[in-house]
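What follows is a short report on a single structure.
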Amino acid sequence: MKCISSLRMKAIDRNCECLGLLPVQLMENAGAVIAQHIRGKLESGRVLFIAGRGNNGGDAFVAARHLAGSLGYIVNVVLLGKSRDIGTKEAFRNFSLLKFSRVNMFEITDSSQLEASASELFQEADLLVDAVFGTGINGKLREPESTAIDLINLEGKAGKTVISIDIPSGLDPDGGDFEKAVHAGLTVTFHRMKIGLLSEKAKEYTGVIKVADIGICTDAEQYVGPGDLMMLRRRKSEEHKGDSGKILVIGGGPYSGAPTFAALAALKAGADLVTVAVPAPVAEIVASYSPNLIVRKLSSNVLCPDDLSILLDLISSHDVVVMGMGLGRATETLEAVRKIIPFCRKAVLDADALSALSGTIFESIAGNCELIVTPHAGEFARLRNMETPESLEARIKAVREFSEEKGVVTLLKGKIDIISDGKQTLLNRTGNPGMTVGGTGDVLAGLTGSLFSRNPAFLAAACAAHINGTAGDLAFEKAGNGLLATDVLEKIPEIIKIAEIG
Ligand SMILES: NC(=O)C1=CN([C@@H]2O[C@H](COP(=O)(O)OP(=O)(O)OC[C@H]3O[C@@H](n4cnc5c(N)ncnc54)[C@H](O)[C@@H]3O)[C@@H](O)[C@H]2O)[C@H](O)CC1
Ligand SMILES: [K+]
């Protein structure tokens, strides 16, 4: 069964919103599904919803409204706190609708009030619905939520049915340790199984688990979207120089622009330090492009095995190596690439570096080096010794199988990019035909390296593809088909800033 983290679930919700499926619509579906499960457990009688001030409570307000429309139910809702403190506009909207529904509302702000006046409500109830919190729980349990969990559990112990919305309140949705939680008879979780529900400790709290569909668009989960960018690690105010990533770009020789594009993209995507190691004849040219770059001169006209003596120290003082752009395919260069890879902890391999790869390389680095490869269809064909399929489905399968077999993350560039680590696969459709211009692939490699220094490989590659394409789309609005890789570079910070604001 496919499990999901609470963070990824939030990312999918946000992706839905960006596609036009609003959070209030998902909440409506979630609440309706809960009402349906209540009807399945109780034909008629008193139902008590215990709702927190987040969206988990919002789901309860919707369910209460749906249930109040069915014959035979007395519906009571206890809100833990004041209605003005309800945290989201969707939950507040649904709370406000209860005034016009056959629902009795109680706002209870502290634990003594809860114990004194609400205990009757708890005792009279035939069925209790736990909506104190869901995936939004954080930190130590506070009051009155902690007491609410105790009161629900008392009734559960007395044999009453307790239904938890999304997760039993108190339980860590991602599987860590937790203080206490609701003991549910039934947990109705939305869209996908949450990782924490299957932890050993969770087993005694969840009761039967049902995974309910709430109408999430398939593309919100299959394609990278703005929600996924929210999963990227953010800079903390107390960070020091270098904490946000040190990137070593190894490229150039026959070309000087390609490694420069990658290096500047890494900076634009938030890396603190970028060093560009290039063969001697182009070192001064690259340095003259931008004062932001630290340039290290290699020994010869092209990258060669002798350069290892210079590169090994550089590799160990940087977080990620981005290698391949503009290197050329001289025999000594490909040999050098093969020798360099095993010394990298994290590397992004692009363009000519991909020509150096062979099966034995993947075997030799297994477990020591995390690799992201960023081929286009032709390079992917060479990597696999097989034509790259035309159809999207067949391509996805090929990328997934290749990534799994070689133990790498693959970002196959195309009209639709495919990103896979062999287990998870995402697609990206941002970008435009103007981006076939030279240099945009180099930008993507640098961007990927920058994100990789601070994030897991798969997330970094998926988000880099999305950011690169979105920056390209923004640049295309002005430049049209005259778009240049430098235009894409300029737009990267804007896209990342929007993602960070959320
Ligand atoms: N796609 C979906 O799965 C959908 C899920 N929905 C529901 O939304 C919740 C998550 O909502 P969120 O607003 O993010 O958080 P919660 O309601 O779980 O909790 C926030 C609420 O709880 C308070 N709080 C947090 N920690 C504590 C604590 N330690 N002690 C006391 N109080 C705490 C916080 O202050 C807030 O008031 C998800 O589970 C689903 O049920 C959507 O409705 C539809 C889409
Ligand atoms: K809950």
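Only this structure's heavy atoms are used, side chains among them; waters, hydrogens and symmetry mates stay out. Just follow the structure's listing: the first ligand is 1, and inside any ligand the first atom is 1.
- Evaluated by nearest non-hydrogen atom to atom 4 (C) of ligand 1, the leading choice among Asp13, Leu26, Thr88 is Asp13.
- Annotation: ring-ring contact (aromatic ring centres under 6.0 Å, His included) contacts involving residues 11-69, sequence neighbours excluded, comprise Phe61-Phe95.
- Those atoms of ligand 1 that come under 4.0 Å of a heavy atom in Lys10, given as number and element, are 14 (O).
- Of the residues Asp166, Leu80, Ile167, Leu141, the one that meets the side-chain contact (heavy atoms from CB on, under 4.5 Å) test with Phe133 is Leu141.
- A salt bridge links Asp228 to Arg8: one of the charged nitrogens lies within less than 4.0 Å of a carboxylate oxygen.
- With sequence neighbours left out, the salt bridge (Lys or Arg N to Asp or Glu O under 4.0 Å) criterion links Lys82 to no other residue.
- Residue Asp166 does not count as close to the K ion (ligand 2), with no N, O or S atom under 3.4 Å.
- A side-chain donor from one of Ser146 and Lys180 sits under 3.5 Å from a side-chain acceptor of the other.
- Heavy atoms of Glu90 found under 4.0 angstrom from ligand 1: none, in either backbone or side chain.
- Heavy atoms of Gly139 approach ligand 1 to within less than 4.0 angstrom.
- Summary of contacts: the protein heavy atom closest to atom 5 (C) of ligand 1 is Phe190 CD1, 4.2 Å.
- For atom 15 (O) of ligand 1, the nearest non-hydrogen atom of the protein is Gly136 CA, 3.2 Å.
- Scanning all protein heavy atoms for the shortest distance to atom 7 (C) of ligand 1 gives Asp59 OD2, 3.1 Å.
- Nearest protein heavy-atom neighbour of atom 10 (C) of ligand 1: Thr135 OG1, 3.3 Å.
- With a heavy-atom cut-off of 4.0 Å, Ile214 touches ligand 1 through its side chain alone.
- Within Asp130, the N, O or S atom at minimum distance from the K ion (ligand 2) carries the name O.
- Looking at Leu426, Ile418, Thr374 one by one, the single match for side-chain contact (heavy atoms from CB on, under 4.5 Å) with Leu411 turns out to be Thr374.
- Side-chain atoms of His183 and Asn153 form no donor-acceptor pair, as typed in the model, at a separation below 3.5 Å.
- Taking backbone and side chain together, Ala131 holds no N, O or S atom under 3.4 Å from the K ion (ligand 2).
- With respect to atom 12 (P) of ligand 1, the closest heavy atom belonging to the protein is Asn55 N, 3.8 Å.
- Interface atoms of ligand 1 facing Met9, defined by a heavy-atom separation under 4.0 Å, are 1 (N), 2 (C), 3 (O).
- Seen from the K ion (ligand 2), atom OG on Ser169 and atom O on Ile167 lie at an angle near 100° (rounded to 10 degrees).
- Enclosure of atom CD in Glu390 is not indicated, since only 12 or fewer non-hydrogen atoms of other residues, nucleotides or ligands lie within 6.0 angstrom.
- Scanning the protein for heavy atoms near atom 19 (O) of ligand 1, the closest one is Phe133 CB, 3.4 Å.
- At the K ion (ligand 2), the angle from O in Ile165 to O in Phe133 is 110° when rounded to 10°.
- Dense packing is recorded around CD of Glu179, with more than 12 heavy atoms of other residues, nucleotides or ligands lying under 6.0 Å away.
- Checking only distances, Asn56 does come within under 3.5 Å of ligand 1, N or O to N or O.
- Under 3.5 Å, the side chains of Ser6 and Thr135 contain no donor-acceptor pair of N or O atoms.
- Shown here is Glu143, whose CD atom has more than 12 heavy atoms of other residues, nucleotides or ligands within 6.0 Å.
- Comment: Arg53 does not engage Glu107 in a salt bridge, judged by the lack of any side-chain N to carboxylate O separation of less than 4.0 angstrom.
- Atoms of ligand 1 lying under 4.0 Å from any heavy atom of Gly134, numbered from 1 in the order shown and given with element: 16 (P), 18 (O), 39 (O).
- Ranking the protein heavy atoms by distance from atom 26 (N) of ligand 1 puts Asn138 N, 2.9 Å first.
- Contact atoms of ligand 1 toward Ile137: 25 (C), 26 (N) (distance under 4.0 Å to a heavy atom of the residue).
- Put simply, Val132 stays out of reach of the K ion (ligand 2), with no N, O or S atom under 3.4 Å from it.
- Here is the list of ligand 1 atoms found below 4.0 Å of a heavy atom in Leu141: 29 (N), 30 (N).
- With a 4.0 Å heavy-atom cut-off, ligand 1 is reached by the side chain of Glu145 but not by its N, CA, C or O.
- Using a cut-off of 3.4 Å, one finds that Ser164 contributes no N/O/S atom close to the K ion (ligand 2).
- Under 3.5 Å, the side chains of Gln113 and Thr109 contain a donor-acceptor pair of N or O atoms.
- The residue from Asp59, Val33, Val132 that alone fulfils the side-chain contact (heavy atoms from CB on, under 4.5 Å) condition with Ile165 is Asp59.
- Atom 34 (C) of ligand 1 lies below 4.0 Å from none of the non-hydrogen atoms of the protein.
- Ligand 1 has no nitrogen or oxygen under 3.5 angstrom from a nitrogen or oxygen of Ile216.
- A salt bridge does not link Arg93 with Glu90: every distance from a Lys NZ or Arg NE/NH1/NH2 to an Asp or Glu carboxylate oxygen is 4.0 Å or more.
- Not a single N, O or S atom of Gly52, from either the backbone or the side chain, sits less than 3.4 Å from the K ion (ligand 2).
- Proximity of Lys140 to ligand 1, defined as any heavy-atom pair under 4.0 Å, is confined to the backbone N, CA, C and O atoms.
- Looking only at protein heavy atoms, the nearest one to atom 38 (C) of ligand 1 is Asp166 OD2, 3.1 Å.
- Atom NZ of Lys201 is surrounded by more than 12 heavy atoms from other residues, nucleotides or ligands within 6.0 Å.
- The existence of a salt bridge linking Lys397 and Glu401 is confirmed by a sub-4.0 Å separation between a basic side-chain nitrogen and an acidic carboxylate oxygen.
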